[in-house]
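Notes to accompany the following structure.
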Amino acid sequence: MNDEETRWLSSMEQRAWRAYLDAYRLLEHRLDRELQSFGLSINDYQILVNLSESPEHRMRMSDLASATIQSRSRLSHQISRMEAAGLVARENCADDRRGTFAVLTEHGWATIQKVAPHHVASVRRHFIDLLTDDQLHALESAYAPVVEHLKSLRTASGG
């Protein structure tokens, strides 16, 4: 694509895009820093949440990688670190010898129960409470088609 074919962002579009990027990066950085006081990263927390909300507190590693938008290799390394901390364990799938489950341990369950109220308070303080209900509805409406589009690309490409 050359310059003549490129649909450059208008000033308003560029401001919206940069505001989104800045908000996303700064918010993720802040939430990650606040989780560090509990010995967790934002990625650790996301894994704990997914496992805590799953039946029997377990998920196939492939499903967990998809849910947390990580490569299987990256997730495997992260699960190894979390195993060493006693937060999760791996179990083989009885019906699929190649499959592995990530399972929340009792320590992992206690950790998510302890940390979740603090994390939710941080999300409120740094995001939710700064916006009106109308702004929150507008964000939800604006991001829904973007999320659906990107999910459909992940499904179509298998990753």
Side-chain angles (χ1 to χ4, degrees), residues 20-159:
Y20 161 78
L21 288 177
D22 289 347
Y24 169 76
R25 290 175 182 149
L26 288 164
L27 182 59
E28 184 173 58
H29 176 74
R30 170 56 41 200
L31 296 175
D32 191 64
R33 282 188 57 128
E34 291 183 8
L35 286 168
Q36 286 174 10
S37 66
F38 296 98
L40 299 174
S41 70
I42 193 85
N43 290 330
D44 295 333
Y45 185 80
Q46 187 179 26
I47 288 168
L48 293 176
V49 166
N50 274 276
L51 292 175
S52 73
E53 293 174 347
S54 295
E56 300 178 28
H57 295 169
R58 68 175 52 230
M59 288 181 77
R60 282 182 173 271
M61 289 285 285
S62 57
D63 293 338
L64 185 57
S66 182
T68 58
I69 311 174
Q70 295 187 58
S71 70
R72 289 181 187 184
S73 173
R74 182 175 177 202
L75 178 67
S76 182
H77 289 301
Q78 183 153 1
I79 291 294
S80 293
R81 288 190 299 274
M82 294 177 75
E83 273 184 302
L87 298 167
V88 299
R90 290 181 215 234
E91 292 181 1
N92 292 326
C93 294
D95 60 338
D96 178 2
R97 287 186 289 160
R98 294 176 305 158
T100 305
F101 285 106
V103 182
L104 195 61
T105 63
E106 286 185 31
H107 175 60
W109 176 242
T111 299
I112 192 69
Q113 288 181 304
K114 178 176 98 178
V115 175
H118 298 278
H119 181 70
V120 169
S122 292
V123 169
R124 284 199 162 284
R125 182 171 55 255
H126 302 303
F127 184 73
I128 300 295
D129 291 346
L130 301 175
L131 303 170
T132 66
D133 285 349
D134 287 343
Q135 289 170 319
L136 290 170
H137 288 295
L139 278 175
E140 179 186 17
S141 295
Y143 288 129
V146 175
V147 169
E148 289 308 310
H149 167 72
L150 294 172
K151 279 184 177 180
S152 72
L153 292 177
R154 282 182 59 88
T155 303
S157 70

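When every heavy atom of Ala102 is checked against every heavy atom of Leu51, the shortest pair comes out as O-CD2, 3.3 Å. Contact record, Ala65 with Arg72: CB-CG, 4.1 Å, taken as the closest heavy-atom pair.
A distance of 5.0 Å separates CG in Leu75 from CD1 in Ile47, rounded to the nearest 0.5 Å. With values rounded to the nearest 0.5 angstrom, Met82 atom CE is found 4.5 Å from Asp44 atom CG. We find the CD-OG1 distance between Gln70 and Thr68 to be 4.0 Å, quoted to the nearest 0.5 Å. Interatomic distance, CD1 of Ile112 versus CG of Leu48, reported as 5.0 Å (0.5 Å rounding). To the nearest 0.5 Å, atoms CG (Leu21) and CZ (Arg25) are separated by 4.5 Å. Separating the CG atom in Leu31 from the CD atom in Gln46 is a distance of 11.5 Å, to the nearest 0.5 Å.
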Where do Arg33 and Glu28 land on the salt bridge (charged side-chain N to carboxylate O under 4.0 Å, His left out) test, with the steps shown first? CA-CA 9 Å; Arg33 282 188 57 128; Glu28 184 173 58; over 6 Å; no
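Between Arg60 and Glu91, no side-chain nitrogen of the basic residue sits less than 4.0 Å from a carboxylate oxygen of the acidic one, so the salt-bridge criterion is not met.
Other residues, nucleotides and ligands place more than 12 heavy atoms under 6.0 Å from the CD atom of Gln135.
Using a 4.5 Å heavy-atom cutoff, the side chains of Met61 and Ile79 are in contact.
Using a distance-only test at 3.5 Å, with no hydrogens or angles considered, no donor-acceptor pair links the side chain of Asn92 to the main chain of Thr100. A distance-only check finds no donor-acceptor pair linking the side chain of Ser54 to the backbone of His57 [under 3.5 Å].
Side-chain contact check for Ser71 and Arg74: no donor-acceptor pair (N or O, by modelled atom type) lies under 3.5 Å.
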